[in-house]
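Okay, so here's the structure we're looking at.
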Number of protein chains: 2
Amino acid sequence: MTNTTIARRRGRPPKTDYSVGATQGDARAALIASGLETLTEQGFLSAGLDGMLKRAGVPKGSFYHYFASKEAFGQAVLERYARYFADKLDRHLSDDSRPPLERVQAFIDDAKAGMARHDYRRGCLVGNLGQEAAGLPADYRERLISTLTDWQRRLAACLEEARHHGDIASDRDPDRLAEAFWIGWEGAIMRARLERSPRPIDVFTDSFFSGLNAQHQGRPSS
Amino acid sequence: MTNTTIARRRGRPPKTDYSVGATQGDARAALIASGLETLTEQGFLSAGLDGMLKRAGVPKGSFYHYFASKEAFGQAVLERYARYFADKLDRHLSDDSRPPLERVQAFIDDAKAGMARHDYRRGCLVGNLGQEAAGLPADYRERLISTLTDWQRRLAACLEEARHHGDIASDRDPDRLAEAFWIGWEGAIMRARLERSPRPIDVFTDSFFSGLNAQHQGRPSS
DNA sequence: ATGATTTTAGACCAGGCGTCTATAAAATCA
DNA sequence: TGATTTTATAGACGCCTGGTCTAAAATCAT
């Protein structure tokens, strides 16, 4: 059997375990953190590597040691963001100590606070990259879509609970409601950033909650 | 009356092989038309002048004869887009031959057809620039906001009619509903472009219409 | 011709991504 | 210990693109 314990190799060992956001000294983690800040503010295409390198305090030579290209770097940042966001979602939406819709509101308040904390300069990375999707490598598109459907799945589960709880009309489909939520959410984040105000988020979320117990009806007959 | 046949002008004659601007002979119009196509696809920051010039069939040296800078050019394109879009809105929303909500649906169908016609490559210029607002000159922000509130005003008037018509619960505020519409709309356009599908628009608009006759209720108590 | 006006060609410079070479650090082998 | 191998840092350089500007071209007016 192979020696799984240590398996000695020659040479300087790599700084393994990038997944856990190692803190100081880890250039790769610093780069991703810097990328998160920059890309949520500026998007991908118009963001320059040099700026992110400077922000992270990492020289260019190191960058291409850890990432094959700017594109590969962007993907890594997106992965990290998707995980970070899904964790935040779960933290709120699985909080059994509150009724389901309050959990949704708790997530919204959390996100709102985050935007205010950064003076409405940072948006949603998925929204930013989504708008640039035309000019991005093809695999970005798939990843962005899968991220959104992942968030949708998590929200739908909570809305399903709310339906059983009696807070949503029984003929509404939680999955479709969740889909509509994220569609509107991205618009609300964009608008909040534009106006530098939490109001768009409030207007959207109020509208969303109001619609939950409406009788479903088709569009106006044509 | 002016001689429209030949109308000789002073100075070096233009090359007049503009490919885009329907109206031949006007390089400026060709540039704006080209800019509309490009900026609705790519946004402002990552779009290059060269591509737009080539698309318009206008030589590079001419650009700064017609516009003071790329920024000024972008503003001109935005003005044109805002007018174009407001006209389209009015054409539908003021059509007294149909009930108000059907007019809204007619506008939506029109916009959907436009997106499909361009294979979901082009988005809403206001949405594109809005997402880039952080990296854009300050006056862009104000213009984008005023454009959205202008569209909101027009839609609110139609929703007010719908309320009198009995299609909207009497305690809902048409202005706030219209505000919510444009917030979600931008999200829907973005998502439709990402998925290259009309579905996000349908999901959003169905959700919007469903909410119109709901009893208004606050957010979940916290 | 000379001058005025309109349009264009092309140079210019800044910045952006990626590469390349050099060096230091950390471990093993001899 | 010293040689060797692998990892990581360091930043200068090249090539290209992109926005801007200046000088010149092409025409009309006098």
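Residue numbering restarts at 1 for every chain, and letters A, B, ... go by the order of the sequence lines.
- The CD atom of B:Gln42 sits 14 Å away from the C1' atom of D:dT17 (whole-angstrom rounding).
- Within residues 55-64 of chain A, the residues approaching DNA chain C are A:Lys60, A:Tyr64, by heavy-atom distance under 4.0 Å.
- Between B:Asp119 and B:Arg196, none of the side-chain N atoms (NZ, or NE/NH1/NH2) sits under 4.0 Å from a carboxylate O, so this pair counts as no salt bridge.
- With hydrogens and angles ignored, the 3.5 Å screen pairs a side-chain donor or acceptor of B:Tyr140 with a backbone N or O of B:Gln75.
- The backbone N or O of B:Met115 sits nowhere less than 3.5 Å from a side-chain atom of B:Arg122 that would complete a donor-acceptor pair.
- Across the protein-nucleic acid pair, A:Asp50 atom CG and D:dG11 atom P stand 13 Å apart, rounded to whole Å.
- Aromatic ring centroids of B:Phe107 and B:Trp185 lie under 6.0 Å apart.
- The CE-C1' distance, from A:Met52 to C:dG15, rounds to 14 Å in whole Å.
- For A:Lys70 and A:Tyr64, the positive end is not near the middle of the six-membered ring at less than 6.0 Å and at most 45° from its axis.
- Salt-bridge check for A:Asp150 with A:Arg154: passed, with a basic side-chain N closer than 4.0 Å to an acidic carboxylate O.
- Atoms CG (B:Leu45) and C1' (D:dG19) sit 13 Å apart, rounded to a whole Å.
- In this structure, A:His65 atom NE2 and D:dT9 atom C1' are separated by 9 Å, rounded to whole Å.
- Between B:Lys112 and B:Asp202 there is a salt bridge, with a side-chain nitrogen of the basic residue lying less than 4.0 Å from a carboxylate oxygen of the acidic one.
- Interface residues of residues 67-75 of chain A facing DNA chain C, ordered by number: A:Ser69, A:Lys70; criterion, heavy-atom separation under 4.0 Å.
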Intermediate values then yes/no, ring-ring contact (aromatic ring centres under 6.0 Å, His included), B:Phe63 and B:Phe73: CA-CA 9 Å; B:Phe63 183 83; B:Phe73 172 66; 5.4 Å; yes
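- Across the protein-nucleic acid pair, B:Leu53 atom CG and D:dT20 atom P stand 12 Å apart, rounded to whole Å.
- For the helix from C:dA1-D:dT30 to C:dA30-D:dT1, the terminal axes (five pairs an end, C1' atoms, rotation from four pairs onto the next four) enclose an angle of 30°, given to 10 degrees.
- Ion pairing between a basic and an acidic side chain is recognised when a charged N comes within 4.0 Å of a carboxylate O; A:Glu195 and A:Arg191 show such pairing.
- Spacing between atom CG of A:Asp26 and atom P of D:dT7 amounts to 16 Å, rounded to whole angstrom units.
- Rounded to a whole Å, the OH atom of B:Tyr66 is 19 Å from the P atom of D:dG19.
- Distance alone, capped at 3.5 Å, is enough to place a donor-acceptor pair between the B:Asp26 side chain and the B:Arg28 backbone.
- Annotation for A:Tyr120 and A:Arg193: closest pair O-CG, 2.9 Å, computed over non-hydrogen atoms.
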